[in-house]
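Input: a single structure, listed below in C-alpha cells.
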Amino acid sequence: GCTDCGSLLETSREAVATAVQRVAGMLQRSDQLDKVEQYRRREARKKASVEARLKAAIQSQLDGVRTGLTQLHSALLDVKDIQGSLADVSKDWRQSINTIENLKDVKDAVVQHSQLASAVENLKNIFSVPEIVTETRELIEQAELLQAHRKLMELECSRDDLMYEQYRMDSKNTSDMNLISNYFEDVQGLSDELAKQLWMVLQRSMVTVRRDPTMLVSVVRIIEREEKIDRRMVDRKKQTGFIPPGRPKRWKDKMFEVLEGTVSTRIEGTQSVTREADKMWLVRLLEITRKYVLDDLIVVKNLMVQCFPPHYNTFNSLYHNAVSIRVTELASEDLEANEIVSLLTWVLNTYKSVEMMGHPELRSECDINQLEPLLPQHVVDDLLSKYVKTFTSNITGWLRKALETDKKDWQKETEPEADQDGYYQTTLPAIVFQMFEQNLQVAAQIDGDFKEQVLKLCLKQMNTFLIRYREEAMAYKEEHLRDRQLPQCYVQYMIAIINNCQTFKESINSLKRKYSQSSEPTDSDAAIERTLNEVAKEGCQFLLDEVFLDLEHHLNELLTRKWLTGSHAVDTICVTVEDYFNDFNKIKKPFNQEMTSEALRRVVVEYIKAVMQKRITFKNADERREGAERMIKEADQFKFLFRKLAGEDTDRLCGAIAAIAEVFKLTDPTLLFLEVTTLVSKYPDIREEHIQALLAVRGDASREMRQMIIGTLSENKVSYSGVTQPIFKDITVPTITMTTMTTMTSMATAKLLK
C-alpha cells in the first residue's frame, strides 16, 4: 500500500511540474496575461474531453469482462452435459459387446453370399471358357487383334474375379486357387500368342504403317488397355495384397524394346560390304545409314506419329541411340586414317546437317540442338589422336617417297620442265602441297581447331623434309664434282632446286591463308624460312662454283706475262659467264638478282686476287701503263657484261679494278702516296698487305716510299665496319716463305753481277 501511495505522490508531483512548465511557456510575454482566461477555458475543455474518453474506455472493459463471465458459465454447463452423455455411451457400449459377438455368423454369410454372387455372375463365362478360348485363338490367327483382345479380357476378368473372391474367403487355400488356375490355364497361352502377334506387327511397323495403318493403331490401343489394367491391378494389390497371375504384363515397356530392336536391326543391316571387298566400305555404310534413317524418320513424321499417342514421341531418340551405338562400335574397330576422317566427318557434320537430322521435313519433330553427341568426347579425342599419329607416319613416308622420285629426275638427260614464265622447276612442290591440301581439306571437314592442328603438323613435317632436301642437294653437288660430265643436266636441275624453294614459300603462305584463322606465326615458320633460304643460297653457290671451275684456267692467266702480251682470258671469262647466265635466267626472283650480284663480286674478287698474288712485276713505265690500260678495259668489259645481265649498278665493284689500275698507271712516284690514299678512301676494307702487294707489282716503289706510305696509312686507319659491299676483306695475300726469299735474293744478286 505504501508503494502505491508513493507512486501516486510521484505521479502527482510530475503532473504539477509539467503543468507549471506549460503555464510558464504560455505566459512568457506580458501581453499573454490578458489571455489567461482564454487559456483556462481551453485547458478545461481538453480536461473534459480526456475524462470522457477515459470513462468510455473503462466502461468498454467492464462490458467485456461481463460478457466473458457469461460465456464461461455457459461453457461449464456444456461440459457437464457432455460428461453425462459420455457416461451413457460407455454404459451402452458395455451392454452391446455380447450382441456384436453374436453377429459373426451374419458376417460369414455376407462373405459367402458375395462369392456366390460372383460365381453366378461369371457362371456363363465359366461354362463357356473352352469355347471362348477357341474363338479367341481363331481371331488371333485371322489377325482380328482388337476382337481377340476383347475376348481375352473377358476370360481374364472371369478368372481374376474368381481368384480374388477365393483369396478374400481363404487366402491360404491354395488347392482351390490352383483349381481355378488350372481351369483357366489356356488364358495365359492366349495372352502370349496375342503378344507375339503384336510384336510382329511392331517389328514390321515401317511397312505396316504404309499398307494398313489401322492395324498399327489397333496394336497401340491394345497395349494402352493393358497398361490401364496393369495400373488397376497394382493399385488393388496395395489395398488387398492380391494380384492375378501374369500381372503386371508391362506390354508398353516390351513395345519400346521391340521398336528399339527393330531400329537397331535396321541400322546394323546397312553394312553390305567389308574392307576386304571394297576400300570405300565405311563411306558406303555411312551413306546407306544416312539414307535409311532419313527415309524412316520422314515416314515416322508423316505417317507413324498419327498412329501413336503424343506422349509416345520417342522415335527420334530411338534412331539416335541406335546410330550412336553403331558408330561407337565402328569407332572401336581398327580404322585406317581415311576411315577415321570419314567417320568423324559423318558424326560431327553430316549427322546434324540438312542431309540428315537437320532435313527441312524433320525440323518440326527434331531439334538438332537438343541431340546428344553421337560419340563421347573422349572417343572423338582418341580417334583424332590416332589419326594424327597415322597421318604423321604416312606423311613422313609420302615425303620421303616424293623426294626419292624427284632425285631420280635429277639424273635425267633431258632438261626439267619450265613453268608458264619459263622458270625451271620439278614436280616436287606440287606433289608435296597436293598431299598437304588433301589432308587439310579432310581436317577442315571435321573441325576448325583440328584443321589448325593438322596445318601445324604439316608445317612441322615440312621443316624436317626441307632439312633432308638440303642434304640431298648437297649430295647432288658432291656427286657431280666427282665427274663433272654427269649428271648431264646438273646445272638445269640445280636451278630447278633453287626455284622450288620459292615455290615452297609461296605454297606455304597460300596454305596458311586458306586454312588458318590465326595470323600468328607458327613454331615452324622461322625454321622453314631459314632452311629454304639456305638451300637456295647454297644452290646458287654451287652453280657459281661450277662457273668458276670452268673459269679457273683463264683466271690463272690474269696479271701474268702472257696476259700482258695479249691474252684473251677476260674475253673467254665474259663469254663463259654469259653462256652460263643464259641458263641462270631460268632462276626465279629474288635468287637470280642475288646470283648475278654474287657472280660479279666473285669475278672482281678473283681478278684482284690475281693482282695480289704478284704474278707479274712491271719492269718500266710502259709496262705499267699498258697493264693499267688493259685492266681498265677489262673492268669496262665486266661492267658492260653485268649491266647487260642484271641491269644493276656495277660501278663500285668494277671501279675497284680501275682504281688499282690508276695506282699502276701513275708515272710520278712522288704522287704515289696520294693515289694510294684515294684508293683506301674508296675501299676502306683494304689492308696493309694489299698495299704492299700493289706496290710490289708496280715494281718502282723504293723501300723508304713503301714504309712511308704504309706508316702514314696505319696512323690514319679508316674503319670499314660499315661498308655494305666489302671487296678486299676476303682477299688474302700469299706470304713469302724463306725458300722463296732466298731464291729471289739469288736471282737479284745474279742480275747485279751481270
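For the single chain, residues carry numbers from 1 onward in sequence order.
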Start with the C-alpha distance between H320 and L374, add both sets of side-chain angles, then the distance that settles side chain to side chain contact (heavy atoms under 4.5 Å, CB included), and finish with yes or no. CA-CA 8 Å; H320 178 79; L374 279 181; 3.7 Å; yes

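- Classification of K589 and D421 as a salt-bridged pair fails, no side-chain N sitting under 4.0 Å from a carboxylate O.
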Could you walk me through whether R284 and E287 pass the side chain to side chain contact (heavy atoms under 4.5 Å, CB included) check? CA-CA 5 Å; R284 294 183 189 283; E287 175 55 23; 5.8 Å; no

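- Counting heavy atoms from C-beta outward, K386 and D334 have side chains that approach closer than 4.5 Å.
- Taking the ring axis of W346 as reference, the NZ or CZ atom of R290 does not stay both within 45° of it and closer than 6.0 Å to the ring centre.
- Applying the side-chain hydrogen bond (donor to acceptor under 3.5 Å, both in side chains) rule to T531 yields no partners; only residues at least two apart in sequence or on another chain are considered.
- Judged as a side-chain hydrogen bond (donor to acceptor under 3.5 Å, both in side chains), and not counting sequence neighbours, R530 has no contacts.
- Side-chain atoms of N556 and K562 include no donor-acceptor pair closer than 3.5 Å.
- Cation-pi geometry between R484 and Y490 is not met at under 6.0 angstrom from the ring centre and within 45 degrees of the axis.
- Here E479 does not pair with R482 in a salt bridge; the nearest charged N to carboxylate O distance is not below 4.0 Å.
- Taking the six-membered ring for Trp and the full ring otherwise, Y387 and F450 have centroids separated by under 6.0 Å.
- The side-chain heavy atoms of Y607 and V570, taken from C-beta on, include a pair separated by under 4.5 Å.
- Remark: K451 is not positioned above the aromatic ring of Y515, lacking an NZ or CZ atom under 6.0 angstrom from the ring centre and at most 45 degrees off the axis.
- What you find for K352 and M357 is that their closest heavy atoms are CA-CB, 4.5 Å.
- Two residues are said to be in side-chain contact when any heavy atoms from C-beta on lie closer than 4.5 Å; Y469 and I497 meet this criterion.
- Looking at R630 and L564, their side chains never come closer than 4.5 Å, going by heavy atoms from C-beta outward.
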